[in-house]
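First the structure, in the form of C-alpha cells, and then the observations on it.
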Amino acid sequence: MLFQPYFVDVLLPLPLERQFTYRITKEEYHFLKIGMRVAVPFGKSKIYTGIVYKLHEEEPQAYEAKDIYQILDDTPVLNTEQLKHWEWIATYYMCSLGEVLRAAFPSVFLLESETIVLANPNFEESDVLTPDAYLIYEALQRQSQLTIAQVVNILSKKNVFPILKNMIAIEAVHLKEEIYEQYQPKMVTYIRLATEWEAKEKLQELLALLSRSEKQRTLVMHYFMLKTKSPTPIKKKELLETSGISTSVCKGLENKGIFEAYEIQTDRIVFEEASQRIPTLSTHQQEAFHQIKACFSTHDVCLFHGVTGSGKTEVYAHLIKEVIATGKQVLFLVPEIALTTQLIIRLQKFFGDDLCVYHSKYSQNERAEVWNHILTGSEKAKIILGTRSATLLPFVNLGLVIVDEEHEASYKQFDPAPRYNARDAAIVLTKIHKATILLGSATPSLESYYNTKVGKYGLVTLTRRFGNVQMPKIQLIDIKEKHRKKQMTGHFSDLLLKEMKDVLDLGEQVILFQNRRGFAPLIECETCGVTPQCPNCDVSLTEHKFKQELRCHYCGYHRAIPKQCDACGSTDLNSKGFGTEQIEQELLALFPKHNIGRLDLDTTRGKYGYQKIIEAFQHQEIDILVGTQMLSKGLDFKNVSLVGVLNADNMLNFPDYRAHERSYQMLTQVSGRAGRSQKQGNVYIQTFNPYHQILQQVTTSSYEQMYGEQITDRRNFFYPPYYRIIQITLKHKDFNLLNEGAEWMGKSLKNSFGKNLLGPTAPSVSRVRNQYIKQLIVKIPPKQSVVATKDYLRKLRVMFEAIGRFRAIRINIDVDAY
Ligand code: ADP
Ligand code: ZN
Ligand code: ZN
C-alpha cells in the first residue's frame, strides 16, 4: 500500500494532557471536519468515541499512529465557539480537555468499550431489527447486560457503534447510567360547592333540596363539617373516605351541579403551548427592566439585586422575550433542577415549547435531542434551562444568559474534574458569543457585588416586593435567656410557640428551619464521653431515630443505635444537638392536630420525593414544614405567614471564611419565604448570640453593611476576591505515605509561595471512605500572575507524579475553591 501521510488528532474523553494522533486515508482526510466523532482503538483493546480535533500531515514521533475504526457523523456534533469555551475551562480550572468533554456530552454520544448496554423489556418490534441488531437483542434476552466489548465479540466486528446508536434511538436497548424519569403527572381531584351554594345561609335551602336523598344530604353535611374544620381545599378521596360514602353519591351531586370536581396539578414539566401571558410589569419592575437594558449598553455583565418576592422572574421573562424575538438563544441557569420545579412551571407557562430543559436526569435520547436542537439553532431550542453542565452545550447564536440565584454554592462543581463554577464559565461563554449575562439574586455573592463596586459589572437593584407586599418582620429570640427563665419547651421558646399557635389558628402555614438533618448530630456516653464514629471516615455518626440507626453522612455507613457504650459498656447514652427529625418529633407532640411535614435529604430521596412534599405543602395538606436549607431555594408559597429558625448559631460558627456571608444569605433567603401575600409575614430567629453582627444585619436587611464588613475582613485576611485561592487535595489509603507526599508538596510550594502557602493540613473531616486526606492552599496575591502560578503548579504535579512511590496518591487541583 502506498504510504499516505494523513493524520487526525482525536480528543478522547480521558484525563490526558494531549490529543492522540491516528492515521486516516485521503478520502477520510477530506471528509472529516473538526467536531465530528470517530471510533478509535486505545491501549491494548479499548474502543473510545473521540472528537476530531485537528487534521494534518505530520506523523507523530513518539508512537506508531493507529488507524481509526470508523467515522460516526456526517456533520460535526460540536462547534468552534464551544470548543474554544471548553479550552478556556480546561486551562483555567487546570484539568484536561477530555474531562470537559466527558462532563459535557450525554453518554450516548460517547459509546466506549466499557459502556454497558441493557435490554429494554418494553421493546416489542424485534422484527424491525437488522440481523446484527437482532443478534444483540437476542443476547440480551439471555443475559441482562452486555459491555460494548462483549458486543464486539458477539458480532465479531469492530465497528459496532452505529448499530448500537440505532438501537438506542428506537429504544431497543438502554445504556446503564440512564436514569429514566418518565414523568407521570400527578392529578389530584378536589371537590368544592358550586358558587351559588357556597354561602352558609344557603345550607338549609340546599338540604331541603336534597330531602329525598339521605346519602347526598349526609355527604353535603360532611363537606361543610370538613370546611369549618379547616379552610384548605378538600380532596375527593378524603371526602369519601372520612364520610364512608360511595363515589356514585358524589357523582350524583356533581351531575346536579351542586358539587364541582376540579383537578390540580403542579408538578408536571410538560411542553405544550404557552398558557399565560407574561404579566405586565409593575412600575418598579419596569424601571429595573429598563435599567438592565441600559446597563447592557455599557457592561456585558449585570448584577440584578432584587429582594425576595420582588418579581425577578417576571423581569427575566420580559428580557428573554425580547431576545428570542431577535432569533437568538437564551440560556437560563438554575442551581438545582429538582429544587426549581416551581420556577420551571412558571416559565413554561410563559414560553410553552420555546423552553427546553436540559439536565443529567433526563433520558439520553431527550438530552441528545436537545443537544441537536441547540446545535442546529432549531426553533425548538430558543430558551434552554439547565444546571451547570448546560453551559457546555453547543450554542450557535447565544444572546443572553440568566444566572438565577447567582450566589448559590451549587454552581461550583467539586468532584470530579472539571471543577468549574458555571456562573463564571457562563460569563466567559457570553464573551465568546458577544452576548450579555444577567446575574440575579436577593443576596448576591460577595465577589459579584465587589465586581460591581470596581466597575467590572453593572448593578441594578429592586428593593420592593411585588404588589407592595411588605418585607417580613424579622425578630431575634435570645434562647440563652429563655433557657435560664425556663421558657423553653424542647427546642422551642414560648414566644415562637405562641406565634405558631396563632398563625395555625388562622389557617395559615409555618416553615421551620434547622440546618441539620437526622435526629441528633451524635450520641455521647455520659460515663466516658466516647461518641460512636464511622469506621470509614473521620466523623461521628448521626442519630436517625425513626430508622433506629446511626448514619455517616459522608459514606452512607450505618449501624443500629447501640444500647451500650462501645468503649465502657455504660448504658447511659445521650443525644447531643438536634436535627430536623427531632424537631419533627417534638412538633408531633406539641401540635397533635396539625399535619407536619419534613423536607431534607432523608425525606426527598425517592424520585419525586421533593415535589411530593412541596406539592402537599402548596395544597395546604401540610401545616408546618420543617426542613434544612432546601427550604431556602426560591420557593413561593402564598399562605406562609411565619418562618422560624430554630438555631442560627451552628451556621455562624462554621469554620470557613465564608461562614458569615453564607449565614446571611441563608437566613435572608429562608426569611423571604414568609408573608408573600398582602399580610406582613413574621420571622423568628432563635439564637444564643443575639448581638452577633450578622444576625443584626439579617433583621434589618442591611446587605450593604454586611458586605462592607465582610469585604474588609477579606482584604485584611487575604481572601477572595482580593487573593485567589487554589486548593490542592491529596488522598491515599496509607496514612504515612500520604503524609510523606504532602510534606514533599508542602516544601516545594513553600519555596515558591512562602507565607501564601497554607498547609499541608488535615481537613476537618480528614478521612472519607478509608482514604486519608491532606490539603494545601495556595493564595495568589493581586499582583502575582495567575497564569504563571498555574503553569508552575502543573509542572510541580508532573514532578510529583514522576516520583514512583507517590504515583498512587490522588491529586486534585481546585481553582477558585469556593
Ligand atoms: P423573586 O424571584 O424575586 O423572589 P418572584 O418572581 O417569585 O420573586 O415574585 C413574587 C411573586 O409575585 C410571585 O408570586 C409572582 O408571580 C408575583 N409577581 C411578580 N411580578 C408580577 C407581575 N408583574 N404581575 C403579577 N404577578 C407578579
Ligand atoms: Zn462509655
Ligand atoms: Zn463514613
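Each ligand, and each atom within it, is numbered from 1 in the order the structure gives. What you are looking at is a predicted structure, and each value in this text was computed from that prediction instead of being measured.
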Hey, does [X] come in under 3.5 Å of ligand 1, counting only N/O atoms on both sides?
X      : answer
Gly309 : yes
Pro279 : no
Thr308 : no

For the Zn ion (ligand 3), report each protein N, O or S atom nearer than 2.8 Å, sorted by chain and then by residue number.
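You should have found Cys534 SG, Cys537 SG, Cys552 SG, Cys555 SG.
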Record the part of Gln285 in heavy-atom contact with ligand 1 below 4.0 Å; permitted values are side chain, backbone, both and neither.
side chain
Using a 4.0 Å heavy-atom cut-off, say whether Asp636 meets ligand 1 through its side chain, its backbone, both or neither.
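Side chain only.
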Looking at ligand 1, does Gly306 have a heavy atom less than 4.0 Å from it?
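Distance cut 4.0 Å: Gly306 fails for ligand 1.
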Between ligand 1 and Arg465, can you find any atom pair, the residue atom being a heavy atom, that is separated by under 4.0 Å?
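The answer is no, since Arg465 has no heavy atom less than 4.0 Å from ligand 1.
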Residues [X], [Y]: salt bridge by 4.0 Å N-O rule:
X      : Y      : value
Lys321 : Glu314 : no
Arg388 : Glu408 : no
Glu287 : Arg464 : no

Strictly distance-based, threshold 3.5 Å: is any side-chain N or O of [X] a donor or acceptor partner for the main-chain N or O of [Y]?
X      : Y      : answer
Asp623 : Asn595 : yes
Tyr703 : Pro444 : yes
Arg419 : Asp814 : no

Find all atoms of ligand 1 within a distance of less than 4.0 Å from any non-hydrogen atom belonging to Arg346, and give their numbers and elements.
5 (P), 6 (O), 7 (O), 9 (O), 13 (C), 15 (C), 16 (O)
Which ligand 1 atoms, with their elements, are less than 4.0 angstrom from a heavy-atom of Val307?
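Near Val307, meaning under 4.0 Å from one of its heavy atoms, ligand 1 has 3 (O).
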Residues that Arg192 engages under salt bridge (charged side-chain N to carboxylate O under 4.0 Å, His left out), provided they are two or more places apart:
Glu260
Which heavy atom of Gly675 sits nearest to which heavy atom of Val469, and what is that distance?
O-CG1, 3.2 Å
